[in-house]
Trainee: 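One structure, pasted below without further comment.
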Amino acid sequence: MMRNFAWLCRAVVLLGISVVATSQAQTKAAPALIGFDPSTKVFRINAADTTLVMGINESGQVQTLYWGEHLSAKDHFAVAKAMPGASSFDLPVTTTPQEFVAWGGGLFVEPDLKITFPDGNRDLVLKYVSHTIDANRLSIVMKDISREVYVTLQYEADAETGILRRSAVVENRTEAPFTIEQIAAGTWNLPRGTDYRLRYLTGRWAGEWSLQEQPVNPGKVVLESRRGTTGAQNNPWFAIDRSGSADQDEGGVWFGALGWSGSWQISVEQDALQQVRITGGPNAFDFGYLLKKGERFQTPCFYGGYSAHGIGGASRLLHRFEVNSLLPHHPDSKLRPVLYNSWEATGFDVDEAGQMSLAEKAAKIGVERFVMDDGWFGQRKNDHAGLGDWYVNPQKFPHGLKPLIDKVHSLKMDFGLWVEPEMVNPDSDLYRKHPDWVLEFPGRPHTEARHQLVLNLARPDVRAYVYGFLDKLLKENDISFLKWDYNRNWSEPGWPAVPQEQEKNVYIDFIRNYYSILDELRHEHPKVEIESCSGGGSRVDLGVMQYTDEVWPSDNTDAYDRLLIQNGFTYAYTPATMMAWVTDSPNWVNNRALSLEYRFLSSMQGSLGIGANLNQWKPEDFATARQMVERYKSIRETVQRGALYRLLTPEHNSEQSITETVSRDGDQAVVFAFLHSSQENYPFPRIFLRGLDEGATYSISAFAGKLAEGTPTQASGSYWEHHGIDVDLHGDFQAMAFTLKRSR
Ligand code: DGJ
């Protein structure tokens, strides 16, 4: 569906509040409303089912008055009044929930901004100056009480999901540079309470996306990465509910995610008055950004939303927001093609004949994109050498990439290629020529990981080199897709080429250059799609997702482990971006043997790929694969764009897991059911669907495995939701899938 997202503005007056309304052409969403009542100095942002209310209090602070479920326009908010101090130890600046507070005047909760000035002063007290409302955007300008430091708080409301995009801009209008030592996009303040539960995602290589839960207690929890990149150990996403009040589809959930692919932190803090605040931005550890006279610093975006429909509702809002308002080409991004990737089949041993032969086999099963992974460039025989030397290896590809690409095209697939642009092996021509291009502290050892070092992308010459070789590669070859990898984290993050006081700018400038390269490449090569991979899911966040069409969630391709990994991933990110390969059995991760059908059904819950060694497949494997790929194509739009319901999660060692996705038009529902192990002859749990039109009639059809005998072929939405469906699953590692089709 083509949609024009031009914002239409109109000013209306609502109950004495001047309001600017926005609407999205051809969307059903009510417009977002942003209003300001000059008599009370109260701002109100209403978007979808969410309301945020803020007031300017007597101290000139921007104080949060409410954030949560949509409130009636009739609900009146009085002038904001700062909270009393809790004692002489916790003054009002600390106890008042503020949207953005600087470190100064006796603040002890997490600051949004801390600055050191050249004269040694480190006190900063911001007060409201002015604001502007422009359609769905609100900007509030604040200024220090004496110095020419300005901060603009920016809010952008998404009418469809109610998700707010926040960011802050610091402006140095003083006569000298100063150092930003800590900065956040802003703080989300929850209604006061002691019964909150925090959910967040943790992981490690080959074990990303574990959902954690814990009560929000007095004190502070910090989710973070100090790695120079997003990291898998924590992902920059959170969800908070009142303990026990929200499950998959019921109850209120506040959620948010940071759009930043560098070191980051999100702190969740319960203060002395039992208020909970969530502050997010670049990590304060080892941070220091030198902002010169006249310069502005814009923080990464911190997104936040509220769902009254449980944690499942929260993720459905995020999915919709990502697809409709964030990913490249939104809201008209293409469905993900079925992809083949060579990595698990051939490793570094890629060559023209071998890849052509795999491509022929991939084409037979309906693959639409053939991707050659690592090993095609420089002197790359293994991971010891070659990174940085981005010329086609002449022994492996004596005629360049063209013959392979032509072959792939002749098989009606497009061609993709692996790159790892920000890295260098010391054993490479690039490093021999430019040893000073890496992150380093002079005179200190270079710590290698996977035999590689990190190029300092903050350097203009490195940025130019990286952009230059990628641009050349894409100009000289008909490439439709880049898998952009990043296989280690930072060490020795020094930048000796710049003055010492500017060295820590690397934490920001590196990521800005990374984004700007992606942006420029997309602009110059509009047909090229990009996957963000970092040895698996170590660089997945709402920042990189603005520039990449899909992500690689994990190197772990064991189809059973993947159920848990994919389940965790979808709390924050849409299955539309979740690349999932069908690989060989037994799988290298756990040596677990799984049927090909099971492996397909696990991968079909995201963006389907195949990474198996097709040279070892039997004719019956090709037949199964061909059938599954064809079926995937018939449900792909539902899986990638629809509303996901976790009917039974694989968390807590569950013996079963079930997902259901309902298409946007409501005409199709797709259900995947997995059984880890049968016990004592108990039947598989009955499946109660959600999100259907209760009055409509749906026909059911299994496309893998069997429905229980006696299942009607047609029934109402109400029947499928309340009577439920039994399926015939017994044994270990069994899987089945079915669709429902609404009758018109
Ligand atoms: C790590 C990635 O996650 C893998 O899929 C593969 O591309 C290798 N790197 C190649 O070195």
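Counting starts at 1 for both ligands and their atoms, in listed order.
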Trainee: Of all the heavy atoms in Glu420, does at least one lie under 4.0 Å from an atom in ligand 1?
Mentor: no

Trainee: Within the structure, does Asp485 bring an N/O atom to less than 3.5 angstrom of an N/O atom in ligand 1?
Mentor: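 Yes.
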
Trainee: Kindly state whether the ring of Phe302 and the ring of Trp260 have centres lying under 6.0 angstrom apart.
Mentor: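 No, they do not, as the ring centres are separated by 6.0 Å or more.
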
Trainee: Closer than 4.0 Å to some heavy atom of Lys483 - which atoms of ligand 1 meet that?
Mentor: 4 (C), 5 (O), 6 (C), 7 (O)

Trainee: Tell me whether Gly536 has any N or O atom under 3.5 angstrom from an N or O of ligand 1.
Mentor: yes

Trainee: Under 4.0 Å from any heavy atom of Cys533, which atoms of ligand 1 are there?
Mentor: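 Near Cys533, the atoms of ligand 1 are 2 (C), 3 (O).
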
Trainee: Between Ile517 and Tyr515, is there a side-chain heavy-atom distance shorter than 4.5 Å?
Mentor: no

Trainee: Can you tell me which portion of Asn487 lies within the under-4.0 Å heavy-atom range of ligand 1? Options are side chain, backbone, both, or neither.
Mentor: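 For Asn487, the contact with ligand 1 is made by the side chain alone.
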
Trainee: So that I know where these two stand, are Phe415 and His409 an aromatic pair - ring centroids less than 6.0 Å apart?
Mentor: no

Trainee: Using heavy atoms and a 4.0 Å limit, tell me yes or no: is Glu531 in contact with ligand 1?
Mentor: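 Heavy atoms of Glu531 never come under 4.0 Å of ligand 1.
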
Trainee: Between Thr557, Val419, Asp374, flag the one that comes closest to atom 11 (O) of ligand 1 by a heavy atom.
Mentor: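 Answer by nearest heavy atom: Asp374.
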
Trainee: Taking the six-membered ring for Trp, are Phe674 and Tyr598 closer than 6.0 Å centroid to centroid?
Mentor: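 Ring centroids of Phe674 and Tyr598 are less than 6.0 Å from each other.
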
Trainee: With respect to Trp343, determine whether any N or O atom, backbone or side chain, lies less than 3.5 Å from an N or O atom of ligand 1.
Mentor: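 Such a contact does not occur with ligand 1.
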
Trainee: Could you list the atoms of ligand 1 found under 4.0 angstrom from a heavy atom of Trp552?
Mentor: 3 (O), 5 (O)

